[in-house]
Amino acid sequence: MSFFTKTEEPFIIAGPCSAETHEQVFETAQALKTLSVKLFRAGVWKPRTKPGSFEGNGIDALEWLLDMRQEFQLPFTVEVAEPKHVEAALKYGVDVLWLGARTTVNPFQVQQIADALKGSKVPVMVKNPVNPDVDLWEGAIERIERAGVGEVAAIHRGFSTYQTSSIYRNQPNWSIPIELKRRRQDLFIICDPSHISGNRTLVKDIAQKAMALCFDGLMIETHPQPEKAWTDAAQQITPQTLKEILCELVIRKHVVENGIHGAQIENLRQQMDSIDAEIIYLLGRRMDFSDQMGLLKKEQNMTVYSPERWREIVETRSEQAMKQQLSPEFILSLYEKIHHESIQRQLKQLEQGEKN
Ligand code: PEP
Ligand code: MN
């Protein structure tokens, strides 16, 4: 059986952050069974920031999940973080495993898990690492794939930050899952709005955004009494709220249809294509000037980087951006790249001169 098949409907994974008691697992599953949930999630080994917090019910919880599957015919998934978790999960016939963000971040740990998975066909989902590093995420996926498991999917759960002012618990940094999908177009990517938000009031909007960004599914933490949850109480929602979110979710197609709207989209794309061609041509011209500048600076024995000039660029371009209703942060990030490239070009001129 293939778990991760792309369909028009998003693949829904739901269930509590942690399997707390037999009753809680059953109560959640009973409610989720009536929704379009394909896979029940529950943590049985919990990675906690501080020692002394509840760290999961381990094997006891696996027993409850087996009972739950028997009763409700719902396949289930648990997080594994060590080879001994993998062994236990495989022994108990867990349907799908997932690697958490704090595991994906460590290639040694991922490799040990991959080694423990060898010979098994269980599907595995790999959450992004806690830090915003697409290569590390892709590398973890490759390690698991090389173990020969049946199927591998990715879960986007956002990235840690020290930014205390953010509304998110973990920054979505959408460009990272988008880049992963560009590299691996057949990869099944699921969004986890619960861990991105850290707050149940934001779950719906993030889920909706994920649909607009072509994600294949959603993993949403669901608990019969979220405010009493033993872990992640602020972000869990009731099965009833999940039902409402799923009913209201606007599912978007990513292929252009024929007809009038298709033609309008095509027309806009053509206009964007020609503007992009102009932007690239202009960037080429700008870099020609950088080369000339590099030669001049060399002759004049000047430094390539000038803090005053960079300050002036940031100020003027931000003002120009605002006049065009563009966000100054966007223009600043673009200019950081342009300026960096310009400096590299000038350094090259200097080095070439030095070699001659
Ligand atoms: C979880 O899914 O409950 C969990 C611990 O997630 P993450 O690895 O994304 O923090
Ligand atoms: Mn959680």
Side-chain angles (χ1 to χ4, degrees), residues 11-20 24-25 28 32 37 39-51 53-58 61-62 65 76-82 85-86 89 94-107 109-110 113 124-133 136-137 140-141 144 153-161 166 168-173 176-177 180 189-200 202-203 206-207 210 215 217-238 241-242:
F11 183 92
I12 307 296
I13 307 169
C17 178
S18 306
E20 297 166 4
Q24 173 241 20
V25 167
T28 317
L32 294 182
V37 172
L39 188 60
F40 187 89
R41 65 145 284 154
V44 304
W45 297 287
K46 299 302 300 175
R48 306 309 302 279
T49 304
K50 293 273 173 69
S53 334
F54 169 66
E55 290 189 327
N57 285 310
L62 284 178
L65 289 164
F76 69 95
T77 181
V78 302
E79 174 177 349
V80 288
E82 295 180 348
H85 297 161
V86 174
V94 177
D95 300 282
V96 178
L97 308 183
W98 94 77
L99 268 62
R102 294 166 196 80
T103 303
T104 309
V105 77
N106 182 346
Q109 197 73 13
V110 174
I113 291 174
V124 179
M125 304 183 290
V126 181
K127 284 200 172 194
N128 63 259
V130 277
N131 58 328
D133 184 339
L136 198 56
W137 193 4
I141 290 168
I144 301 297
I155 303 177
H156 170 230
R157 52 76 82 193
F159 304 89
S160 288
T161 175
S166 173
Y168 301 113
R169 175 179 176 192
N170 292 295
Q171 302 307 298
N173 292 354
I176 294 180
L180 184 67
I189 308 196
I190 295 155
C191 178
D192 172 349
S194 309
H195 289 88
I196 292 176
S197 68
N199 171 349
R200 63 184 131 267
L202 296 175
V203 168
I206 298 171
F215 278 79
L218 297 168
M219 184 195 243
I220 298 185
E221 285 188 340
T222 319
H223 191 291
Q225 290 174 291
E227 59 294 335
K228 295 206 176 131
W230 298 2
T231 53
D232 288 349
Q235 71 196 31
Q236 303 205 55
I237 59 173
T238 60
T241 308
L242 179 66

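Start at 1 and go down the list; that is how both ligands and their atoms are numbered.
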Roughly how far apart are T238 OG1 and R200 CZ, rounded to 0.5 Å?
-> 9.0 Å
Note the single closest protein heavy atom to atom 8 (O) of ligand 1, along with its residue, its atom name and the distance in Å.
-> A101 N, 2.8 Å
Per-atom contacts, ligand 1 versus K46 - under 4.0 Å to a heavy atom | 1 (C), 3 (O), 5 (C)
Which bit of E221 gets closer than 4.0 Å to ligand 1, counting heavy atoms only: side chain, backbone, both or neither?
-> side chain
Tell me, please: is M219 in heavy-atom contact with ligand 1, that is, under 4.0 Å?
-> no
Taken to the nearest 0.5 Å, the spacing of D192 CG from F215 CZ works out to 10.5 Å
Would you call C17 a ligand 1 contact, heavy-atom distance under 4.0 Å?
-> yes
Just jot down the ligand 1 atoms closer than 4.0 angstrom to any heavy atom of R157, in number order.
-> 7 (P), 9 (O), 10 (O)
For atom 6 (O) of ligand 1, the closest protein heavy atom turns out to be K127 NZ, 2.9 Å
Between atom CG of N173 and atom OH of Y168, what is the distance when rounded to the nearest 0.5 Å?
-> 10.5 Å
Where the Mn ion (ligand 2) is the vertex, angle from D232 OD2 to C17 SG to 10° | 100°
Considering heavy atoms of the protein only, find what lies nearest to atom 4 (C) of ligand 1 and give residue, atom and distance to 0.1 Å.
-> H195 NE2, 3.5 Å
Would you mind naming the N, O or S atom of E221 nearest to the Mn ion (ligand 2)?
-> OE2
Look up atom OG in S194 and atom CG in N170, then write down how far apart they are to the nearest 0.5 Å.
-> 11.5 Å
Does a donor on one side chain sit under 3.5 Å from an acceptor on the other, for T222 and Q236?
-> no
Using a strict cut-off of 4.0 Å, indicate which atoms of ligand 1 neighbour a heavy atom of G100.
-> 8 (O)
Any side-chain donor-acceptor pair under 3.5 Å between H195 and D232?
-> yes
Nearest protein heavy atom with distance in Å, relative to atom 2 (O) of ligand 1 | R41 NH1, 2.7 Å
Please test I113 against T103 for side chain to side chain contact (heavy atoms under 4.5 Å, CB included), starting from the C-alpha separation and ending with a verdict.
-> CA-CA 9 Å; I113 291 174; T103 303; 3.5 Å; yes
Donor-acceptor contact present, side-chain Q225 to main-chain Q24, <3.5 Å = no
Distance filter under 4.0 Å to E79 heavy atoms, resulting ligand 1 atoms | 4 (C), 5 (C)
Specify whether H85 and W45 have parallel, tilted or perpendicular ring planes, treating 30° as the upper limit for parallel and 60° as the lower limit for perpendicular.
-> parallel
